[in-house]
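What you see below is based on every heavy atom in this structure, not just the backbone, and it leaves out hydrogens, waters and symmetry mates. If you're wondering where the values come from, they're calculated on a predicted model, not measured in any experiment. Quick note: residue numbers are just sequence positions, from 1.
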Amino acid sequence: MAASSAPPAAQNPLKTLRNASFPRPCRLRIVSPARPLPISALASSPSTAAASPLSADARHRDDVLRAARAARSNCLSETYLDRTVPGLSSKARGKVRDIYDAEDHLVLVTTDRQSAFDRVLASIPFKGQVLNETSLWWFNKTQHITPNAVVSAPDSNVTIAKRCSVFPVEFVVRGFVTGSTDTSLWTVYNKGVRNYCGNVLPEGMVKNQRLPANILTPTTKAVDHDVPVSPDEIIQLGLMTQNELDEVSSKALALFAYGQQVALENGLILVDTKYEFGKGADGTIMLIDEVHTPDSSRYWIANSYEKQFNAGCEPENVDKEFLRLWFKEHCNPYEDEVLPEAPEDLVCELAWRYIFLFETITNSNFQLPATEEPIHDRISRNVSRALSSI
């Protein structure tokens with residue numbers, strides 16, 4: 001798809017983003033997850049005034065933006081592997097992932113669908129690959145905390161996983177009072193709620209302020225939207241046993257603390273995220289779905305956080321929050337039947353931010369896929385080959 005002509009500077013929705021002054025990430029020593037992460041150490045770093053890490057490598061960024069514009073017509077928005085791969089059946093369509101039944105295994109295909117406000121907003125080039133490869137990196141790095149269900153990754157958009165019984169609860173872990181959705185902590189806190197999902201919240205907090213300690217705010221996995229639930233309600237509703245809840249809660253908090261540590265070492269703040277768990281046939285509780293991706297998590301630039309917070313400004317974010325805010329400013333994303341089309345500049349900027357986050361966290365280069373072959377054809381071929389060898 002050819003690049004559209006840029007709107008006048010005063011109307012460009014990315015003007016603020018592009019002109020923002022971001023600090024360069026820096027390395028810190030490993031911090032004990034039992035203590036609050038010393039964000040102030042980054043804020044006082046001599047590199048605070050450095051150029052934005054999001055635009056430090058202008059040539060690389062331009063290459064990604066150019067590739068994203070060209071790839072918009074080849075986004076993976078829908079899959080139908082049950083028609084193209086022998087032995088696959090029972091497709092389940094999630095917000096972002098399509099899941100196929102392969103007898104003792106599940107084939108999880110991460111699409112380019114962008115979800116927020118309990119609906120699909122757009123398709124983001126390369127997003128599925130970024131999410132899948134980011135999760136695989138974190139699955140590998142967190143095996144000392146919990147086992148996971150990963151069996152193999154035959155394609156950059158695909159993970160083959162062990163079949164397990166999924167707990168009908170998403171474990172959301174938060175370190176800050178922030179967010180813009182109906183279930184975000186800042187939204188409910190600003191409405192006067194001081195006991196949320198079993199957590200007593202102190203008075204006098206403001207948006208984007210750090211919590212005294214990380215907290216769990218679980219939600220039930222409802223069909224159309226997530227419903228906040230307390231630990232007591234999880235037990236009362238029969239969603240989990242007390243032992244299962246205790247084990248999963250401990251794992252979720254440990255995963256989040258480790259994720260914050262790794263993020264901070266790379267100049268980022270892991271603000272909040274969500275985890276899903278399942279139980280294998282042998283009773284082992286395993287981490288499933290995705291881990292610390294820019295879709296399931298909120299990330300801020302660490303060096304500028306305190307300066308932005310003290311000035312009453314929004315933190316520099318490296319996730320989909322700016323796209324959420326654009327939709328909230330231009331429509332009612334919860335009630336409007338038809339949503340406006342996301343501007344191409346924002347779609348491509350989000351593609352770049354997802355790739356930037358992957359490269360920053362993993363310290364590796366993201367491999368842009370070849371656009372000559374349709375993504376679905378490539379996935380079908382790779383999944384067929386992988387299943388024949390299992």
Side-chain angles (χ1 to χ4, degrees), residues 1-25 51-77 96 110-117 120-131 133-134 180 267-269 271 293-301 304 308 313-331 333 339-361 365-369 371:
M1 179 179 294
S4 61
S5 58
Q11 301 174 10
N12 190 341
L14 282 181
K15 179 182 179 183
T16 302
L17 294 173
R18 289 172 174 168
N19 292 339
S21 176
F22 294 81
R24 185 184 305 276
S52 164
L54 281 166
S55 59
D57 189 343
R59 178 176 295 181
H60 181 40
R61 180 177 182 274
D62 288 345
D63 287 345
V64 171
L65 293 176
R66 189 180 305 110
R69 286 193 291 269
R72 289 196 69 192
S73 61
N74 194 31
C75 283
L76 186 67
S77 300
V96 176
T110 309
T111 72
D112 296 326
R113 296 191 294 263
Q114 183 62 55
S115 173
F117 308 108
V120 175
L121 302 179
S123 291
I124 309 298
F126 319 127
K127 176 193 166 178
Q129 179 180 340
V130 171
L131 263 59
E133 293 184 351
T134 300
S180 58
L268 300 173
I269 299 172
V271 178
T293 70
D295 228 32
S296 65
S297 313
R298 197 185 317 268
Y299 285 92
W300 294 337
I301 299 292
S304 62
Q308 294 290 108
C313 299
E314 287 295 308
E316 319 279 16
N317 66 76
V318 195
D319 50 50
K320 63 183 179 181
E321 181 67 10
F322 74 92
L323 188 64
R324 286 195 194 105
L325 294 175
W326 185 90
F327 274 94
K328 287 198 74 174
E329 291 171 358
H330 291 81
C331 65
L339 299 183
E341 182 178 354
E344 182 179 69
D345 278 355
L346 291 187
V347 168
C348 294
E349 174 68 19
L350 188 54
W352 159 243
R353 288 184 179 218
Y354 274 29
I355 289 173
F356 166 83
L357 186 60
F358 169 83
E359 294 184 333
T360 300
I361 289 291
N365 294 324
F366 180 79
Q367 298 299 314
L368 291 171
T371 57

Please report the interatomic distance CD(Gln129) to OG1(Thr111), rounded to the nearest 0.5 Å.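 Nearest 0.5 Å value for the CD-OG1 distance: 13.5 Å.
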Distance from Ile124 atom CD1 to Leu323 atom CG, nearest 0.5 Å?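 Answer rounded to 0.5 Å: 6.0 Å.
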Among residues at least two apart in sequence or on other chains, which ones pass side-chain hydrogen bond (donor to acceptor under 3.5 Å, both in side chains) with [X]?
{"X": "Ser180", "result": "Glu321"}
{"X": "Ser297", "result": "Thr273"}
{"X": "Asp62", "result": "none"}

Taking the six-membered ring of Phe358 as reference, does the cationic atom of Arg353 (NZ for Lys, CZ for Arg) lie under 6.0 Å from its centre and within 45° of its axis?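 Because its charged atom misses either the 6.0 Å distance or the 45° angle limit, Arg353 does not stack over Phe358.
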Which residues pass the side-chain contact (heavy atoms from CB on, under 4.5 Å) test with [X], sequence neighbours left out?
{"X": "Cys331", "value": "Phe327, Pro333, Asp336, Leu339, Pro340"}
{"X": "Val64", "value": "His60, Trp352, Ile355"}
{"X": "Ala116", "value": "Leu121, Arg324"}

How far apart are the closest heavy atoms of [X] and [Y], and which atoms are they?
{"X": "Ala351", "Y": "Pro125", "value": "CB-O, 3.5 Å"}
{"X": "Cys348", "Y": "Leu65", "value": "O-CD2, 3.3 Å"}
{"X": "Glu341", "Y": "Trp326", "value": "O-CH2, 3.6 Å"}

Under the side chain to side chain contact (heavy atoms under 4.5 Å, CB included) criterion, do Phe322 and Glu349 qualify, and how do the steps go? CA-CA 10 Å; Phe322 74 92; Glu349 174 68 19; 3.8 Å; yes
Side chains of [X] and [Y], heavy atoms from C-beta outward: is any pair under 4.5 Å?
{"X": "Gln114", "Y": "Tyr354", "answer": "yes"}
{"X": "Val96", "Y": "Asp112", "answer": "no"}
{"X": "Phe356", "Y": "Arg61", "answer": "no"}
{"X": "Pro294", "Y": "Leu131", "answer": "yes"}

Of all residues at least two apart in sequence or in a different chain, which pass the salt bridge (charged side-chain N to carboxylate O under 4.0 Å, His left out) check with Asp295?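 Here the qualifying residues are Lys127, Lys320.
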Out of Val271, Ile361, Thr293, Thr360, which residue meets the side chain to side chain contact (heavy atoms under 4.5 Å, CB included) rule with Tyr299?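 Of all the options given, the one that passes is Ile361.
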Polar contact flag, side-chain donor to acceptor under 3.5 angstrom, Ser123-Ser77: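 The answer is yes; a qualifying pair exists.
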Ion pair present between Arg69 and Glu344, side-chain N to carboxylate O less than 4.0 angstrom?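 Glu344 and Arg69: not salt-bridged.
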Would Leu268 and Leu357 count as a side chain to side chain contact (heavy atoms under 4.5 Å, CB included) here? Give the steps. CA-CA 9 Å; Leu268 300 173; Leu357 186 60; 3.3 Å; yes
